[in-house]
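Beneath this line is the structure, given in structure tokens, with notes to follow.
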Amino acid sequence: MNRLLLIHTALDNALAGLSVDGEVKAWRSSPEQRDHAAFLHTAIEGLLKECGWRPTELDGVAVVIGPGSYTGLRVGLSAAKGLCYALSKPLIAVNTLEWMAAGVPPEEGVLKCPMIDARRMEVFTALYDGKGVCRMDPGAMLLDPDSFRDRLDSGRILFFGNGSEKWRPIAAHPNAGFTETVSGISELALLAEKAYIHHAFSDLSTTEPFYAKAFHSPSLR
């Protein structure tokens with residue numbers, strides 16, 4: 001039985017939860033981005049009490065490491081690392097874009113393109129196929145009418161996330177589709193469980209937030 005702590009403070013809505021074998025047992029959320037640090041530790045303590053678990057009974061800690069709010073990423077990863085060090089538990093790092101894509105139902109031959117607003121006409125984005133395999137590495141992209149043209153010429157792409165709203169008005173290609181599907185704590189639990197089963201753990205001493213662009217650039221606050 002795999003008991004995992006789930007942490008997501010990368011975006012506006014913070015999430016914390018506990019899962020057993022990929023099934024969420026309890027969770028909490030906070031929509032106030034500026035309060036993520038205050039929310040997280042109180043939420044973790046409350047969740048453990050709710051489920052009657054001791055911290056030592058956790059088998060691992062999963063955290064969303066970015067891209068996203070620079071401050072939020074540091075809050076989440078610092079908490080996850082501290083718990084892993086103190087409890088001698090493995091760390092599981094989950095990319096924000098992969099988590100977003102996990103909530104969109106797969107369609108044959110359709111690529112999934114999560115987009116996070118990164119100010120002006122820039123987004124953090126990536127491409128995933130229906131099996132969750134990454135087909136374009138996560139990173140920052142400046143959008144223009146020719147973005148994704150070659151890939152759209154080859155097939156349909158489904159765009160989503162708050163960054164897709166700036167792409168929609170200039171995406172004239174007939175193979176460009178849009179959806180409002182949103183991922184949640186259940187998708188994080190499934191990704192974390194998959195990583196745990198395959199021992200896809202991150203190194204506690206070297207793992208850093210995935211900012212996707214230089215730290216001195218404007219944040220997503």
Side-chain angles (χ1 to χ4, degrees), residues 8-15 29-36 63-77 93-107 109-130 132-188 191 208-221:
H8 184 353
T9 55
L11 301 177
D12 292 345
N13 190 45
L15 300 170
S29 67
S30 171
E32 300 297 331
Q33 189 179 71
R34 295 180 183 275
D35 294 336
H36 284 359
V63 60
V64 177
I65 63 164
S69 160
Y70 292 168
T71 300
L73 299 180
R74 294 195 298 273
V75 166
L77 186 56
V94 177
N95 186 280
T96 317
L97 297 163
E98 182 182 11
W99 165 77
M100 292 171 65
V104 177
E107 296 182 44
V110 178
L111 293 177
K112 298 186 284 187
C113 184
M115 287 182 165
I116 301 172
D117 190 354
R119 298 286 181 89
R120 299 184 178 87
M121 286 305 293
E122 190 171 20
V123 295
F124 298 129
T125 190
L127 286 173
Y128 299 89
D129 65 19
V133 176
C134 187
R135 298 301 183 184
M136 184 180 80
D137 290 339
M141 175 186 289
L142 282 170
L143 295 172
D144 62 53
D146 291 325
S147 298
F148 301 99
R149 181 173 296 277
D150 290 345
R151 293 183 181 272
L152 285 166
D153 285 342
S154 300
R156 184 169 172 77
I157 301 178
L158 201 57
F159 299 93
F160 50 95
N162 63 3
S164 67
E165 293 308 308
K166 64 177 66 175
W167 167 235
R168 188 192 296 261
I170 61 174
H173 202 287
N175 280 333
F178 295 84
T179 181
E180 302 298 325
T181 303
V182 178
S183 290
I185 195 71
S186 296
E187 286 75 22
L188 180 54
L191 289 172
E208 297 180 348
F210 177 61
Y211 296 119
K213 62 178 182 180
F215 178 75
H216 63 266
S217 298
S219 75
L220 296 179
R221 302 190 196 99

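Along the sequence shown, residues carry numbers from 1.
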If you measure from [atom1] on [X] to [atom2] on [Y], what distance do you get to the nearest 0.5 Å?
| X | Y | atom1 | atom2 | answer |
| --- | --- | --- | --- | --- |
| Ile157 | Leu152 | CD1 | CG | 4.0 Å |
| Phe148 | Leu127 | CZ | CG | 5.5 Å |
| Leu97 | Tyr128 | CG | OH | 5.0 Å |

If every non-hydrogen atom of [X] is compared with every non-hydrogen atom of [Y], which pair is closest and at what distance?
| X | Y | answer |
| --- | --- | --- |
| Leu73 | Ala10 | CD2-CB, 3.4 Å |
| Phe159 | Ala176 | CE1-CB, 3.8 Å |
| Pro114 | Ala126 | CD-O, 3.4 Å |
| Leu142 | Ser147 | O-OG, 3.8 Å |
| Gly163 | Leu143 | O-CD1, 4.5 Å |
| Lys166 | Asp117 | NZ-OD1, 2.5 Å |

Look at the side chain of [X] and the backbone N and O of [Y], then say whether any donor-acceptor pair between them is shorter than 3.5 Å.
| X | Y | answer |
| --- | --- | --- |
| Trp99 | Gly184 | yes |
| Asn95 | Gly66 | yes |
| Thr9 | Gly72 | yes |
| Thr125 | Met115 | no |
| Lys112 | Gly103 | no |

Is the number of heavy atoms from other residues, nucleotides or ligands under 6.0 Å of Glu208 CD greater than 12?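 No, the 6.0 Å shell around CD holds no more than 12 heavy atoms from other groups.
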
Do Asn162 and Ile116 pass the side-chain contact (heavy atoms from CB on, under 4.5 Å) test, and can you show the C-alpha distance, the side-chain angles, and the key distance before you say yes or no? CA-CA 6 Å; Asn162 63 3; Ile116 301 172; 4.1 Å; yes

Test log, rule side-chain hydrogen bond (donor to acceptor under 3.5 Å, both in side chains), inputs Asn13 and His8: CA-CA 8 Å; Asn13 190 45; His8 184 353; over 6 Å; no

